[in-house]
Each structure stands twice: as C-alpha cells, then as structure tokens.
Amino acid sequence: QVQLTESGGGLVQAGGSLRLSCSASGGAFTVYAMGWFRQIPGKERELVAAISVNGESAGYGDSVKGRFTISKAKVGNSVYLQMNSLRPEDTAVYYCAATLTPDRDEYYAGTHQYKFWGQGTRVTVSS
C-alpha cells in the first residue's frame with residue numbers, strides 16, 4: 001500500500017512562490033505516475049499537474065500553465081510542484097496522487113485514474 005505525504009503549503013502573498021513536496025512510501029515508486037490536484041469547498045477536485053512514470057511527460061491545468069512546474073526526483077520517492085506567480089484564486093487544498101501503470105510515458109489528468117491520495121496541504125494566497 002502506497003502512502004503519500006504532502007508538505008510545503010502555507011500562506012503567501014500574491015505574486016509569491018511556494019514549492020510543494022510529496023513523499024511516497026510503501027511501494028515501488030518508480031512505477032507510479034503522479035499528479036497534483038486541488039480543491040476548494042463546494043467545488044470538484046481539479047487537475048493542477050501530472051507527470052509520467054519516467055518523468056519525461058507532464059501536463060497542466062489551464063489555469064496554472066506557465067506558472068507551475070511538476071517534477072520527480074531522479075533518486076528517491078518524491079514529486080514536487082513549484083508554484084510561481086501565485087494568485088488568490090490558487091488558494092485551495094492541494095493533494096498528491098499516485099497510480100500504478102505499466103506505461104512509463106503517460107500522465108493522467110483525471111481524478112478517477114488515481115488510486116492513492118495524500119491527506120492534502122493547504123495553500124493560501126493573500127491579495
């Protein structure tokens with residue numbers, strides 16, 4: 001069973017940056033595609049960014065393209081989300097997700113495609 005633990009959330013002013021980290025344990029991390037999603041109360045969880053098993057393919061939600069970057073550690077069991085030029089509308093709880101897949105080049109954008117989820121880390125962007 002894979003366990004995911006997010007860290008790095010907090011309060012930041014608009015225009016600032018944060019880096020979220022997700023540490024995985026309990027599985028062969030190198031065969032998992034990973035993703036970051038976010039959710040605000042009353043709304044569905046939405047894709048922020050996703051990355052393939054080999055770390056060479058990535059996709060982003062429209063609202064974060066050009067501002068956020070997802071990456072995987074080359075050694076170890078971590079995935080990161082670098083968030084720049086933060087806006088108040090980025091305020092949400094951010095969740096790390098993982099799914100086991102034989103396809104090393106594919107990333108997954110749908111919440112239903114992920115089997116394992118972290119508990120979430122809150123990001124608040126003040127105006």
- OG of S25 to CD of Q3, rounded to nearest 0.5 Å, is 5.0 Å
- Message: Is it true that, when you exclude F37 itself, more than 12 heavy atoms of the residues, nucleotides or ligands shown sit nearer than 6.0 Å to its CZ?
- Response: yes
- Do you know which two heavy atoms are closest between T69 and Y60, and how far apart they sit? CA-OH, 3.4 Å
- Note on the structure: On a heavy-atom basis, the closest approach of I40 and A92 is CG2-CB, 3.5 Å
Exercise answer: donor-acceptor pairs, residues 45-53 side-chain atoms, under 3.5 Å, sequence neighbours excluded:
from	atom 1	to	atom 2	distance (Å)
R45	NE	Q39	OE1	3.1
R45	NH2	Q39	OE1	3.2
E46	OE2	R38	NE	2.7
E46	OE2	R38	NH2	3.2
S52	OG	N54	OD1	2.7
S52	OG	G55	N	3.4
S52	OG	E56	N	3.3
S52	OG	S57	N	3.1
S52	OG	S57	O	3.4

- Can you check whether L81 reaches R19 side chain to side chain, under 4.5 Å on heavy atoms? no
- Message: Do S7 and S21 have side chains that approach each other closer than 4.5 Å (heavy atoms only, starting at C-beta)?
- Response: yes
- When hydrophobic residues are tied together by side-chain contacts of less than 4.5 Å, even through go-betweens, does Y95 share a cluster with L20? no
Ignoring hydrogens and angles, write down the donor-acceptor pairs under 3.5 Å from the side chains of residues 114-127, residues two or more places apart or on other chains.
from	atom 1	to	atom 2	distance (Å)
Y114	OH	M34	O	3.4
Y114	OH	Y108	O	2.5
T121	OG1	G9	N	3.2

- Task: Would you mind reporting whether V2 and Y32 have side-chain heavy atoms less than 4.5 Å apart?
- Result: yes
- Heavy-atom pair with the smallest gap, counting every atom of M83 and Y94: SD-CE2, 3.9 Å
- Item | 4.5 Å side-chain heavy-atom contact, C22 and Y80 | no
- Message: Testing the basics here: between F68 and L86, what is the closest heavy-atom pair and its distance to 0.1 Å?
- Response: CZ-CD2, 3.7 Å
- How about D103 and Y107: do any of their side-chain heavy atoms sit closer than 4.5 Å? no
- Contact summary for G8 and L18, nearest pair of heavy atoms: O-CD2, 3.8 Å
- Task: Could you pull out the closest heavy-atom pair between A24 and L4, with the gap in Å?
- Result: CB-CD2, 3.6 Å
- By side chain to side chain donor-acceptor pair (under 3.5 Å), which residues pair with S17, not counting sequence neighbours? N84
